[in-house]
Amino acid sequence: MRIRAAIAVPAAVAAAAALMLTAPPGEAATAHHPPARCPAQSLALRAKAVAGEPTVLRVSVTNLGGSACAVDRVPTVTFENLDGTALPLPAGGSGTLRLAAGGTAYADVRTIRDPADPEARRVGAIGVAASSSQWGRSFTAATLGTGTRVLVWEPVTTWWQPSTAAADRAVGLSRG
């Protein structure tokens with residue numbers, strides 16, 4: 001029994017030391033604590049059609065709170081009276097995004113590829129939420145700048161991005 005204990009203790013110490021040596025700097029001795037979810041009342045949501053691209057909407061979220069907090073990595077975008085949400089582009093958008101106090105993130109939503117598509121649905125408003133657990137905010141077609149209706153067919157949304165240019169690139173818009 002004493003031989004096993006003599007071997008087990010040094011092995012455990014060696015394993016702990018190896019773990020600490022392979023951890024990124026600053027994380028070996030401290031635990032990583034992600035920020036808490038952003039309360040809905042500390043977020044400002046905005047949405048507008050991208051100039052010259054009526055089938056692409058730009059949404060943004062700003063943290064009005066005094067400290068960093070987390071939102072879903074992908075905005076939740078719904079379409080009045082239709083089932084489902086815009087799909088994340090790229091796929092696999094689960095997780096969170098840290099939003100600094102006063103920070104803003106942007107996403108583009110492509111509502112339809114071809115406005116002449118006969119299968120297009122027409123809605124009078126969209127809903128945008130920074131987290132799927134929140135109600136978010138509704139935006140009418142007139143407020144968005146798309147006329148009286150928003151055309152919808154197989155909509156996609158980018159992940160939150162640090163700039164409008166990054167959101168445009170993620171949805172395939174080229175500006176130049």
Side-chain angles (χ1 to χ4, degrees), residues 35-65 68-176:
R37 286 284 180 162
C38 297
Q41 65 271 18
S42 73
L43 298 175
L45 292 162
R46 293 178 184 82
K48 202 73 157 161
V50 173
E53 298 285 347
T55 63
V56 179
L57 308 174
R58 174 156 310 114
V59 298
S60 67
V61 60
T62 301
N63 177 3
L64 303 175
C69 57
V71 295
D72 287 353
R73 183 178 297 156
V74 178
T76 301
V77 181
T78 58
F79 301 88
E80 176 185 73
N81 300 324
L82 297 178
D83 290 339
T85 62
L87 297 175
L89 179 71
S94 64
T96 60
L97 171 78
R98 181 184 184 279
L99 194 56
T104 300
Y106 306 88
D108 279 1
V109 180
R110 182 180 303 281
T111 61
I112 188 169
R113 273 265 180 221
D114 177 8
D117 190 330
E119 296 193 59
R121 305 293 185 256
R122 290 156 177 77
V123 297
I126 68 163
V128 178
S131 293
S132 59
S133 62
Q134 297 173 347
W135 285 103
R137 183 172 168 202
S138 181
F139 298 91
T140 65
T143 302
L144 293 167
T146 61
T148 59
R149 298 283 179 212
V150 176
L151 295 176
V152 182
W153 189 250
E154 299 180 341
V156 295
T157 182
T158 66
W159 296 14
W160 290 116
Q161 302 292 326
S163 68
T164 58
D168 287 351
R169 282 190 304 275
V171 83
L173 290 181
S174 59
R175 300 282 181 193

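Since this is a predicted model, take the numbers as computed values, not measurements.
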**Prompt:** Taking atom OG1 of Thr146 and atom CG of Leu57, what is their separation to the nearest 0.5 Å?
**Reply:** 7.0 Å
**Item:** Minimum side-chain heavy-atom gap Trp160-Val59 below 4.5 Å
**Value:** yes
**Asked** Do Thr76 and Gln134 come close enough that some side-chain heavy atom pair is under 4.5 Å?
**Response** no
**Message:** Can you see whether Ser131 engages Arg37 through a side-chain donor-acceptor pair at a distance of less than 3.5 angstrom?
**Reply:** yes
**Request:** Over all heavy atoms of both residues, which pair between Trp159 and Pro88 is shortest? Give the atoms and the distance, please.
**Result:** NE1-CB, 4.3 Å
**Request:** Considering non-hydrogen atoms only, spot the tightest contact between Glu80 and Gly124 and give its length.
**Result:** OE1-N, 2.8 Å
**Prompt:** How many angstroms lie between CG in Asp168 and CZ in Arg58, if you round to the nearest 0.5 Å?
**Reply:** 4.5 Å
**Asked** Applying the side chain to side chain contact (heavy atoms under 4.5 Å, CB included) test to Thr111, which of Val77, Val150, Leu144 qualifies?
**Response** Val150
**Message:** A side-chain contact here means heavy atoms from C-beta on lying under 4.5 Å apart; do Thr96 and Arg73 qualify?
**Reply:** no
**Heavy-atom pair of closest approach, residues Ala70 and Pro35** = CB-O, 3.8 Å
**Asked** For the atom pair OG1 (Thr62) and CG (Leu99), what is the distance rounded to the nearest 0.5 Å?
**Response** 7.5 Å
**Asked** Hey, what do you get for CZ (Phe139) to CD1 (Ile126), rounding to the nearest 0.5 Å?
**Response** 6.5 Å
**Request:** Evaluate the side-chain proximity of Arg113 to Thr55: yes if any heavy-atom separation is below 4.5 Å, no if none is.
**Result:** no
**Item:** Qualifying residue for side chain to side chain contact (heavy atoms under 4.5 Å, CB included) with Pro75, from Leu45, Val61, Thr157, Val109
**Value:** Thr157
**Shortest non-hydrogen contact from Val71 toward Ala130** = CB-O, 3.6 Å
**Message:** For a quick test of reading the model, state the closest non-hydrogen atom pair linking Ala166 to Ser163 and the distance between them.
**Reply:** N-OG, 3.0 Å
**Shortest non-hydrogen contact from Asn63 toward Leu43** = CA-CD2, 4.1 Å
**Item:** Rounded distance [0.5 Å steps], CD in Gln161 versus OG in Ser60
**Value:** 13.5 Å
**Request:** Please confirm whether the backbone N or O of Val74 pairs with a side-chain atom of Asp72, one donor and one acceptor, at under 3.5 Å?
**Result:** no
**Message:** I'd like to check Leu151 versus Arg121 (side-chain heavy atoms, cut-off strictly below 4.5 Å). Are they in contact?
**Reply:** no
**Asked** What distance separates Thr148 OG1 from Arg122 CZ, expressed to the nearest 0.5 Å?
**Response** 9.5 Å
